[in-house]
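Computation of the quantities below employed the complete heavy-atom set of this structure, encompassing side-chain atoms and omitting hydrogens, waters and symmetry-equivalent molecules. It should be emphasised that the depicted structure is a prediction, and the values quoted were computed from it without experimental measurement.
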Amino acid sequence: MPRFMQQSKIWNKIKKPLMVGFYIIASLIVCFSSLHATDGVAEAVFSEVLSAFSALAIFATALSVALFNYVDNISKDLSSVEGDADKIYAALSGLSVLKKEVIVNAGLILSLLIMELTLKGVSKSISPDNIPFQSFYWVALSLRFSFFTLAVLAVSEQIRGLLVAIDYRNVIHAGESPDK
């Protein structure tokens, strides 16, 4: 039984990075295959989707600030609650982890935006005479699209975090008496 638990802990640590890697590879393949199947006509669709990246980054940053403040206020509410100290400590630890995840996700999204814009600039700056290989632009567009889809995944994690924080606040306020 302890050996199974050790494997379970290892799986929990590598499960998320594996899913993220699979997500990146799948988006690369979908984009490149679409470009190849349509002989580049799908480039207009992917370019339009990528034009929303800046708006997504702005939304994610604003959501991150709001979520961080919301979780911080929940932590303050929770520290004033009387009850089982172990449970309160566990909840505060969970909220602390959530705050760190919010900051990491915001940094990731901004980093992905910078990498996408850099790759866009690099692909535009290379003249057609100096293209390293025939499908260079499609590979660059596919990479840019995978950065975008990874940012969408990070935003969905932020939204999930907000839903968890709302649940925490509801549990905290459910335990308070109405005359407070």
Check residues 135-144 and write down every donor-acceptor pair under 3.5 Å in which the side-chain atom is one partner and the other belongs to a residue at least two apart or another chain.
{"from": "Tyr137", "atom 1": "OH", "to": "Ile126", "atom 2": "O", "distance (Å)": "3.0"}
{"from": "Ser142", "atom 1": "OG", "to": "Phe32", "atom 2": "N", "distance (Å)": "3.3"}
{"from": "Ser142", "atom 1": "OG", "to": "Trp138", "atom 2": "O", "distance (Å)": "2.8"}
{"from": "Arg144", "atom 1": "NE", "to": "Glu116", "atom 2": "OE2", "distance (Å)": "2.7"}
{"from": "Arg144", "atom 1": "NH2", "to": "Glu116", "atom 2": "OE2", "distance (Å)": "2.8"}

Contacts under 3.5 angstrom, residues 44-52 side chains, donor-acceptor by atom type, not counting sequence neighbours:
{"from": "Ser47", "atom 1": "OG", "to": "Glu43", "atom 2": "O", "distance (Å)": "2.9"}
{"from": "Ser51", "atom 1": "OG", "to": "Glu48", "atom 2": "O", "distance (Å)": "2.5"}

Exercise answer: donor-acceptor pairs, residues 95-109 side-chain atoms, under 3.5 Å, sequence neighbours excluded:
{"from": "Lys99", "atom 1": "NZ", "to": "Asp72", "atom 2": "OD1", "distance (Å)": "3.1"}
{"from": "Glu101", "atom 1": "OE2", "to": "Arg160", "atom 2": "NH2", "distance (Å)": "3.2"}
{"from": "Asn105", "atom 1": "ND2", "to": "Gln158", "atom 2": "OE1", "distance (Å)": "3.3"}

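With hydrophobic clusters built from ILVMFWY side chains whose heavy atoms lie under 4.5 angstrom apart, Leu162 does not share a cluster with Val65. Linking Ile, Leu, Val, Met, Phe, Trp and Tyr whenever their side-chain heavy atoms come within less than 4.5 Å puts Val122 and Phe145 in one cluster. A single hydrophobic cluster is seen to contain both Met115 and Val20, as judged by linkage of ILVMFWY side chains at heavy-atom distances under 4.5 Å, directly or through other members. Side-chain heavy atoms closer than 4.5 Å link hydrophobic residues (I, L, V, M, F, W, Y) into clusters, and following such links, possibly through other members, connects Val164 to Val155.
To the nearest 0.5 Å, atoms CG (Leu28) and OG (Ser146) are separated by 4.0 Å. Note: Ile29 CD1 to Cys31 SG = 11.5 Å, rounded to the nearest 0.5 Å.
Taking all atoms of both residues into account, the shortest heavy-atom contact from Leu150 to Tyr23 is N-CE2, 4.1 Å. Pairing each heavy atom of Leu35 with each of Ala42, the nearest pair is CD2-C, 3.9 Å. Considering every non-hydrogen atom in both Leu112 and Ala151, the closest pair reads CD1-N, 3.6 Å. When every heavy atom of Ser75 is checked against every heavy atom of Leu92, the shortest pair comes out as O-CD2, 3.6 Å.
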* To do: For Leu119 and Ser123, run side-chain contact (heavy atoms from CB on, under 4.5 Å): C-alpha distance rounded to whole Å, both residues' side-chain angles, the deciding distance at 0.1 Å, then the answer.
  => CA-CA 6 Å; Leu119 190 56; Ser123 64; 5.6 Å; no
* To do: Take Ile166 and Tyr70 through the side-chain contact (heavy atoms from CB on, under 4.5 Å) test and state the conclusion after the steps.
  => CA-CA 9 Å; Ile166 290 169; Tyr70 190 77; 3.8 Å; yes
* Show the numbers, then the answer: is there a side-chain contact (heavy atoms from CB on, under 4.5 Å) between Ile24 and Phe147? => CA-CA 8 Å; Ile24 292 170; Phe147 294 156; over 6 Å; no
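Residue Ser156 is tested with Ile159, Val152, Leu153 for a side chain to side chain contact (heavy atoms under 4.5 Å, CB included); the sole match is Leu153.
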